[in-house]
Each structure stands twice: as C-alpha cells, then as structure tokens.
Amino acid sequence: MSYKYWNLSLFVMEYAATIVVGETGSGKSTQIPQYLKEAGWADGGRLIGCTQPRRLAVQTVASRVAEVGMKLGEEVGYTIQFEDQTNPGMTMIKFLTDGVLIREMMEDPLLTKYSVIMVDEAHERSISTDMLLGLLKMIQRRRPELRLIISSATIEARSMSTFFNIRRKNSLLGSSDDLPNPEPAILSVEGKGYTVEIHYVEEPVSDYLRAAVNTVLLIHEKESPGDILVFLTGQDDIDAAVKLLNEEIQHLGRHYLDLLILPLYSGLPRGDQDLIFAPTSKGKRKVVLSTNIAETSLTLEGVVYVVDSGFSRQKCYNPISDIESLVVTPISKASARQRAGRAGRVRPGKCFRLYTEEYYLNEMQSEGIPEMQRSNLVSCIIQLKALGIDNILGFDWPASPSPEAMIRALEVLFSLGILDEDAKLTVPIGFQVAEIPLDPMISKMILSANDFGCSDEILTIASFLSVQAVWVSVRGVKKEFDEAKLRFAAAEGDHVTFLNIYKGFHQSGKSSQWCYKNFLNFQALKKVVEIRGQLLRIVKGFGIPLKSCDRDMQAVRKAIIAGSFANACHLEEYSQNGMYKTIRTSQEVYIHPSSVLFRVNPKWVVYQSLVSTDKHYMRNVIAIEPSWLTEAAPHFYQFRTPNPALH
DNA sequence: GAGCACTGC
C-alpha cells in the first residue's frame with residue numbers, strides 16, 4: 001500500500017473534517033479507507049464508510065479493495081439499491097452510493113455505526129452529495145467524534161472548507177482537549193494522470209460540429225496512433241457528426257478508412273456500448289463521439305486525444321412554471337479540465353478545445369452551478385422532512401436553492417396531501433411517501449391505488465415509470481418497430497401500454513428472445529421486475545394488499561390522476577398541430593413522439609413528466625375525463641378561476 | 001407535427 005497518505009490518519013485523528021484534493025484516479029477512494037482501517041478506525045465493530053455518486057463506481061472500488069487481501073462481502077463490502085454485499089459484524093469498510101447512506105439515516109439518524117465517512121467526488125455537486133454534506137455537518141454537531149473526509153478533484157475545496165468550519169465562538173462542547181479541531185484540514189494528493197497538452201482554436205468557431213469533424217481528420221493525419229474522444233452535447237449532435245465523418249472518409253479515401261467511428265450515449269443499446277470498450281484492432285484508430293457520459297460515468301482506455309466542443313446539455317429549473325428543461329450550455333473550467341484529463345490515462349495526450357484560450361481564461365465559469373440549484377426539489381425536501389428537518393428554509397445547505405424553488409416544492413407536496421398546513425409530513429400518507437424511493441407523485445399514485453383496488457397494476461406502472469428506454473429503436477427497421485409498438489398500444493395511453501408489455505414479458509417467461517422480437521429492452525424489463533419487487537415489499541409493510549382490478553382501466557387511470565392531477569392538459573380545439581395547454585398555467589405542451597397517444601390527441605390528458613427542449617413534450621400520457629380531476633383534487637381545481645373548457 | 005445530458009433511492 002502506498003504511503004502517500006501516511007499523514008492522513010494524523011489529520012483524521014485531529015480534525016473533524018479533512019478535505020482531500022486530488023484528481024480522480026489518484027487512488028484516493030481505494031487507499032484512504034484501507035489506511036483508516038490500519039489506523040484502527042474500524043476497531044470495536046465500527047464502520048468506515050465511503051460514498052460514491054454512482055453504483056458502478058461503488059462496485060468497482062469495493063472489488064479493487066478486495067483484491068488486496070480482503071474478502072468482498074466480509075471485511076470489505078458494498079451496498080447499492082437491490083444489492084447488499086455486506087456482513088454486519090464483519091464488514092469494516094463499506095462502500096455505498098450517497099443515496100443509500102441518506103436512506104440509512106432514516107433508520108439511524110446519527111449514523112452511529114460509522115466512525116468515519118468519506119464522501120468521494122464531492123466536486124460533482126449532485127443533489128444527493130450536497131444533501132449528504134448538509135446532513136453530515138448536522139450530525140457532526142450531535143456526534144463530534146464522527147470524522148469526515150471530503151474528497152474533491154477541484155480546489156473548490158476552499159468553499160467546502162468554509163462550509164465545514166464548525167468553530168463556534170462560545171462552544172458548548174466543553175473542553176476541547178478530547179475533541180477534534182473544528183476547522184477542516186486540507187490535504188492535496190498528486191494525480192497519476194499523464195500530462196495533457198492543451199490546444200485552443202485561434203478564432204471562435206461558428207459551427208462546433210463541423211470544427212469537431214475537421215479536428216478529428218487533422219489528428220488522424222498529423223498525430224501518432226491513439227484513440228480520439230470527442231465531447232458533444234447529445235444524440236442528434238452525435239448522429240450528425242457520425243454521418244459527416246463517414247461522408248468525409250468516403251471522399252478522402254484509403255488512409256482514412258482506418259478510422260472506426262462510434263457514437264456513445266446512455267440510450268445506446270448494450271451491444272453497441274460493448275463495441276466501444278473492445279480494444280482497437282491493429283492499424284485502426286477509434287473515434288468515439290460521446291455525450292457527458294464519458295466525462296465521469298464511463299472510462300475509455302486507449303484515448304490519447306480529446307476534442308472538446310465546450311458545450312453540454314444541462315438541466316435547468318424554473319420554479320415559477322415548475323418546469324425542468326435541458327439546455328445546451330457552455331461547460332465550466334472544471335469540466336473542461338476533467339474532459340482534457342481523459343486524454344492522459346495511458347500516456348501523455350493532447351486535448352483540442354474548440355474555443356479560444358482567451359475565452360477559457362476570461363469567460364468560462366470556474367465551477368458549474370450545483371445541481372441542487374437547477375432542480376425541482378420535491379424529492380429532496382420530502383427526505384429532509386422525513387429526517388425531522390422541519391425548517392427547510394433554514395437548513396444549512398452547501399449551496400442554497402432559491403426560496404422560490406423551496407416554496408414551490410412545499411406547495412406541490414401540500415397539494416398532494418403529503419405535507420399539512422404546518423408543512424409537517426401527514427400521517428400516514430406523508431411518511432409512507434417518504435419511504436418509497438420514487439418521485440412523490442408516483443408514490444402518491446401507489447398509495448391511492450389501494451382506494452381503487454388496483455395496487456397490482458399500479459405497482460407495475462410505477463416500476464415502468466422508473467426506467468428509461470423501455471423500447472430499443474433499431475435504425476432502418478422503423479416500420480417493424482412501429483408495428484411492434486402497436487401490438488402493445490392501449491387506447492387509454494402509455495401507462496396501460498406498460499401493463500400490456502409486462503403481461504407479455506411475464507407470459508414469455510421473461511425471455512430475452514421475446515424482447516428482441518418485440519423491440520423491447522431486456523435489461524430495462526428486468527429492472528422493472530426488480531423495482532416492482534422492492535415496491536411490493538414496501539407497500540406490504542404499510543398493510544396494502546396486492547389487488548388487481550382485472551380489466552377496469554378506469555380505476556387504474558383514477559389512481560394515476562391521484563398523483564398527477566396537476567399535470568392535466570386540454571387539447572386546443574383550433575390547433576392543427578396537436579397543441580395542448582396545461583390547466584394550471586396554460587403552458588403550451590405537446591405529446592412526445594414516443595407516446596402511443598402521439599397523433600391520437602385525446603381531448604383531455606394527464607402526463608407524467610415533461611421533456612423540454614425547443615418545445616415542451618409530455619412523456620407518458622394517459623387520456624382522462626375532466627370530471628375525474630375535480631373528483632381527485634377538489635382543493636386544486638374547484639377554487640380556481642372557472643375554466644370554460646371544464647364545462 | 002418528429003425526439004430523449006447524466007445519475008440515484
């Protein structure tokens with residue numbers, strides 16, 4: 001084991017919080033927990049916890065630690081949703097996602113089993129990481145013996161340090177001799193990446209797609225062997241660039257046929273993603289055109305050149321309209337450095353930025369906006385409420401969301417009957433919703449299913465709503481794909497269509513062949529089954545029996561409305577293009593082309609979520625009767641300005 | 001009329 005961290009245990013002994021700054025890949029996440037174990041932090045049955053933002057990272061880091069003499073599932077273990085590889089009483093080092101650790105707080109609010117918790121990749125500032133940081137700071141006030149290690153790739157560590165500085169003027173903690181220093185320590189560790197030479201464009205480019213294609217061709221012409229990774233913003237960008245590149249290759253001839261062009265984004269079917277990880281055959285050069293997925297979630301070996309467009313798609317939230325949208329946004333310097341670092345994993349590399357050095361130095365933001373400040377907060381707030389944190393506005397957030405966003409979330413939870421007038425969780429609905437690991441609207445739908453005698457159906461629907469990419473679209477067979485979809489399509493809408501798919505999948509004996517034939521994503525359907533199992537265990541715990549309504553789809557739709565009544569829309573009669581308006585805010589919306597109700601355009605619909613790009617598209621849509629709205633949510637619809645469309 | 005950055009419980 002490396003002694004790079006020889007002084008870490010001294011820091012952890014002495015300071016309440018230690019901030020470790022070092023690039024990803026410096027071995028922090030594997031070495032620090034082992035070092036803490038040797039220093040005795042797991043003695044006496046205590047746990048050393050280490051959180052990661054992603055499931056895959058939890059699994060890989062845990063197995064890497066297991067390689068050096070500890071058994072996975074015994075001394076070292078991990079917990080992610082659907083999988084617990086720990087052994088209580090035996091496990092000393094536990095890796096887990098930050099979301100799982102927050103869930104553990106519901107059972108054990110002070111996380112008493114842990115002596116040290118390391119939060120890895122804190123610079124990513126995901127909602128759950130930020131929530132966890134706020135909660136850990138709070139726990140430390142009650143449990144000063146708990147030690148924290150915050151691991152970050154950027155020097156934003158300084159603001160982390162301010163956040164964790166818990167020195168107070170009139171400390172009530174008594175003598176400070178046996179207590180840790182409340183001011184965080186900062187420790188820097190060297191990354192083990194190779195140097196990456198940065199190149200900028202001389203003049204700003206007007207068309208980054210064209211510029212990216214030209215840069216790839218130039219690299220192939222002038223530079224030594226090594227794969228190329230290009231960062232673009234989304235699937236359409238990537239598909240367009242693949243097409244452009246292939247056209248150029250045809251024109252340019254022989255030498256360029258050595259280029260192997262591959263797209264990469266999360267929606268890609270499994271088999272296509274595997275191609276990307278296959279080693280490049282001799283004499284070939286791989287060119288991977290990717291979304292942000294290759295920035296953090298996936299690591300490609302063999303990349304020596306990175307082409308950075310300087311843009312990514314980012315979530316952005318408007319609390320007034322309560323709409324989240326995806327907007328192409330300039331990336332931050334931290335992101336640009338992370339992208340460049342992807343070129344230096346196997347040997348020194350080069351990064352070609354499609355923006356000027358002047359722009360990088362003077363205009364690019366140094367850090368991105370934390371996700372917490374770009375999101376709808378309903379899930380986050382219900383979890384804090386369940387942990388007994390009542391003063392949401394006064395919570396000590398690492399990055400405080402706007403008061404408007406917090407108030408909007410409180411309003412939504414109130415309208416669903418999850419919070420009462422004093423903004424306390426209702427009994428039992430509110431507490432039950434908090435326990436279900438889904439969007440509160442979907443959780444509310446599950447609980448209401450009991451009233452309509454259709455819990456069986458609703459559990460299936462809720463599970464489908466939690467997986468993306470139920471369908472696999474294969475290029476070139478659009479007709480067959482559309483026909484397959486029609487076989488399951490239900491006149492009521494997408495939710496009922498999911499029931500038909502689930503039934504078919506079940507009858508096929510959960511066959512992957514059957515999925516393949518029907519253009520369905522086998523991995524996704526397996527996940528549906530898994531989620532459904534977890535949900536069933538939870539609702540049984542509430543005393544809700546599994547009950548089917550057989551073919552009464554009206555009951556199913558009423559249960560859906562009990563959660564999503566706020567998403568009701570009405571077709572604009574005189575619109576020729578399928579325009580709907582939301583009842584609540586008269587927002588212009590359209591049925592998403594992936595919906596079975598696309599082009600069907602029923603008069604009244606309720607949608608599950610909005611995908612907002614250039615237009616607002618409703619995803620997962622169901623046809624309803626307007627009278628069901630007032631029935632389901634009189635408080636929401638009755639006292640509003642009379643809407644002539646309703647009568 | 002025509003589309004989905006990325007995670008997670």
Side-chain angles (χ1 to χ4, degrees), chain A residues 51-58 79-84 96-106 121 124-132 231-239 264-268 290-298 309 311-316 324-329 331 335 338 368 371 374-375 379-380 382-383 386 433-440 442-443 462-463 466-471 473 478 482 527 530-531 534-535 538 575-580 588-595 598-601 609-620:
Chain A
T51 71
Q52 297 289 326
R54 282 168 293 278
R55 296 160 52 92
L56 187 65
V58 168
T79 308
I80 55 180
Q81 192 187 17
F82 306 127
E83 203 183 340
D84 184 10
L96 66 176
T97 50
D98 30 30
V100 168
L101 189 59
I102 293 171
R103 290 273 155 192
E104 283 189 6
M105 290 181 65
M106 298 203 179
E121 315 282 2
E124 285 185 23
R125 307 302 303 269
S126 73
I127 290 186
S128 46
T129 305
D130 266 15
M131 247 176 89
L132 185 62
F231 284 104
L232 297 172
T233 61
Q235 189 176 336
D236 26 337
D237 252 20
I238 289 167
D239 290 343
L264 174 63
Y265 39 83
S266 82
L268 214 61
S290 173
T291 60
N292 257 0
I293 194 170
E295 196 178 302
T296 46
S297 307
L298 296 179
S309 65
F311 290 98
S312 71
R313 274 213 160 94
Q314 283 186 37
K315 186 164 67 180
C316 124
E324 283 182 344
S325 32
L326 281 173
V327 184
V328 173
T329 314
I331 61 169
S335 248
Q338 173 78 15
E371 191 188 8
R374 300 183 278 113
S375 305
S379 294
C380 170
I382 197 171
Q383 288 196 66
V433 165
E435 206 173 312
I436 303 174
L438 299 174
D439 179 316
I442 303 178
S443 309
S463 310
S466 317
V467 301
Q468 301 113 302
V470 173
W471 300 98
S473 66
K478 196 176 175 309
D482 287 343
K527 198 161 176 211
E530 232 174 3
I531 296 173
Q534 186 191 18
L535 295 178
I538 295 174
S575 112
Q576 296 298 302
N577 60 353
M579 188 217 290
Y580 283 78
E588 198 179 294
V589 294
Y590 297 83
I591 294 183
H592 196 282
S594 68
S595 168
F598 180 61
R599 273 194 278 231
V600 176
N601 296 334
S609 61
L610 277 187
V611 173
S612 303
T613 47
D614 53 326
K615 279 182 189 167
H616 299 298
Y617 287 99
M618 303 183 265
R619 247 171 142 185
N620 297 323

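Below, chain A is the first sequence line, B the second, and so on; all start at residue 1.
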Inset, instruction - Just compare dG8(B), dA2(B), dC6(B) and give me whichever is closest to any side-chain atom of Y617(A). - result: dA2(B)
Inset, instruction - State, yes or no, whether a side-chain contact exists between E588(A) and K615(A) at a heavy-atom distance under 4.5 Å. - result: no
Legend entry - Between S335(A) and E295(A), a side-chain donor and acceptor under 3.5 Å: yes
Inset, instruction - Nearest whole angstrom, please: distance from the P of dA5(B) to the CD of Q235(A). - result: 6 Å
Inset, instruction - Could you check if the base of dC4(B) is syn or anti? Syn means the glycosidic torsion is within 90 degrees of 0. - result: syn
Inset, instruction - Taking side chain to side chain donor-acceptor pair (under 3.5 Å) as the test, write out the residues that go with S325(A), two or more places apart. - result: none
Inset, instruction - Verify the contact: side-chain N or O of S266(A) to OP1 or OP2 of dC6(B), cut-off strictly under 4.0 Å; return yes or no. - result: yes
Inset, instruction - Give the nucleotide from the list dC6(B), dC9(B), dG3(B) with an atom nearest to the side chain of P593(A). - result: dG3(B)
Legend entry - Distance, rounded to the nearest Å, where L298(A) contributes CG and dT7(B) contributes C1': 12 Å
Inset, instruction - On DNA chain B, check which nucleotide each of D614(A) and D439(A) is closest to and give me the residue with the more 5' one. - result: D614(A)
Inset, instruction - Would you mind telling me which residue lines up with the more 5' stretch of DNA chain B, N292(A) or I591(A), judged by nearest nucleotide? - result: I591(A)
Inset, instruction - Please work out if S126(A) contacts a base, only the sugar-phosphate, or nothing of the nucleic acid, heavy-atom cut-off 4.0 Å. - result: nothing
Inset, instruction - Name the closest nucleotide to the K615(A) side chain, picking from dA2(B), dA5(B), dG8(B). - result: dA2(B)
Inset, instruction - Tell me what I127(A) touches on the nucleic acid: a base, only sugar-phosphate, or nothing, going by heavy atoms under 4.0 Å. - result: nothing
Inset, instruction - Tell me what Q81(A) touches on the nucleic acid: a base, only sugar-phosphate, or nothing, going by heavy atoms under 4.0 Å. - result: base
Inset, instruction - Find the distance L438(A):CG to dC9(B):P and express it as a whole number of Å. - result: 12 Å
Inset, instruction - Name the nucleic acid region contacted by L326(A), choosing base, sugar-phosphate or nothing; use a 4.0 angstrom heavy-atom cut-off, strictly under. - result: base
Legend entry - S594(A) side chain, from C-beta outward: closest of dT7(B), dG3(B), dA5(B): dG3(B)
Inset, instruction - Taking only the side-chain nitrogens and oxygens of R619(A), find out if one of them lies under 4.0 Å from OP1 or OP2 of dG3(B). - result: no
Inset, instruction - Could you tell me whether the phosphate oxygens of dC4(B), OP1 or OP2, come under 4.0 Å of any side-chain nitrogen or oxygen in T613(A)? - result: yes
Inset, instruction - Quick one: sort the Y617(A) and Y590(A) rings into parallel, tilted or perpendicular, breaks at 30° and 60°. - result: tilted
Inset, instruction - Starting from C1' on dC6(B), measure out to CD on Q338(A) and report it in whole angstrom. - result: 13 Å
Legend entry - OP1 or OP2 of dA5(B) under 4.0 Å from side-chain N/O of S312(A): no
Inset, instruction - Would you indicate which nucleotide in dC6(B), dC9(B), dC4(B) comes nearest to any side-chain atom of Y265(A)? - result: dC6(B)
Inset, instruction - Report which part of the nucleic acid Q383(A) touches: base, sugar-phosphate, or nothing (heavy-atom distance under 4.0 Å, all strands). - result: nothing
Legend entry - S463(A) and S466(A): side chain donor to acceptor below 3.5 Å: no
Legend entry - Separation of dA5(B) P from F311(A) CZ (nearest whole Å): 16 Å
Legend entry - Euclidean distance, atom CG of residue D130(A) to atom P of dG8(B) [Å, nearest integer]: 17 Å
Legend entry - H616(A) NE2 to dA2(B) C1', straight-line distance once rounded to whole Å: 17 Å
Legend entry - Atom-pair distance (CZ on R54(A); P on dC6(B)), nearest Å: 12 Å
Inset, instruction - Answer yes or no: is there an ion pair linking K315(A) with E371(A), defined by an N-O contact shorter than 4.0 Å? - result: yes
